[in-house]
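Residues: numbered from 1 along the sequence shown.
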Amino acid sequence: MSKRYDEPVDVTLGSSPDGGAPLEFSWRGRRYVIHESLSTWREGGQWWDDRKALERDYHRVLARPSSSLASGELDPDGFMVGPPCAVYDLYFDRLRGNWKLARLWD
């Protein structure tokens with residue numbers, strides 16, 4: 001199940017020649033650390049209009065609040081037990097130059 005938000009977020013990008021992928025983001029006053037980039041894609045524009053560039057760069061990421069740390073305990077399989085991560089869809093609006101949280105998957 002997912003929830004749609006379309007709310008502004010502040011994103012910290014990694015350093016690479018193409019601008020880098022999101023490393024963390026701030027939403028509703030809370031900072032989130034991104035543990036893994038799951039996928040990226042571009043949407044927008046009209047496929048029949050070559051003059052209009054695709055408008056949004058999406059990033060589906062696995063993240064958790066930055067203040068949440070693993071407890072140090074191990075589960076039966078030997079993995080660290082910690083607060084759950086969630087999947088977030090962030091996008092960069094290329095026309096407006098800002099980042100938004102599009103969706104939160106639970």
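Contact check for Leu13 versus Pro22: side-chain heavy atoms found under the 4.5 Å cut-off. In this structure, the side chains of Arg60 and Trp105 come closer than 4.5 Å at one or more pairs of heavy atoms.
Tracing side-chain contacts under 4.5 Å through hydrophobic residues (I, L, V, M, F, W, Y), one reaches Leu90 starting from Phe92; they form part of the same cluster. Taking hydrophobic clusters as Ile, Leu, Val, Met, Phe, Trp and Tyr residues chained together by side-chain heavy-atom distances below 4.5 Å, Val9 shares a cluster with Val61. Clustering ILVMFWY residues whenever any of their side-chain heavy atoms sit less than 4.5 angstrom apart, transitively, puts Val11 in the very cluster that holds Leu104.
Within the model, atoms CZ of Arg103 and NZ of Lys3 stand 12.0 Å from one another, a figure rounded to the nearest 0.5 Å. A distance of 11.5 Å separates OH of Tyr91 from CG of Asp57, quoted to the nearest 0.5 Å.
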Can you list the steps and then say if Arg56 with Lys100 is a side chain to side chain contact (heavy atoms under 4.5 Å, CB included)? CA-CA 10 Å; Arg56 294 179 178 177; Lys100 290 197 174 185; over 6 Å; no
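For the 3.5 Å distance criterion, the side chains of Asp89 and Tyr5 fail to qualify, holding no donor opposite an acceptor.
Trp27 and Tyr32 have tilted rings, their planes meeting at an angle from 30° to 60° on a 0 to 90° scale. Between His59 and Trp99, the ring planes are tilted. Angles from 30° to 60° get that label.
Annotation for Cys85 and Leu62: closest pair CB-CD1, 3.5 Å, computed over non-hydrogen atoms. Of all heavy-atom pairs spanning Ala63 and Tyr88, the tightest one is O-CE1, 3.6 Å.
The environment of CZ in Arg28 is crowded: more than 12 heavy-atom neighbours from other residues, nucleotides or ligands sit within 6.0 Å.
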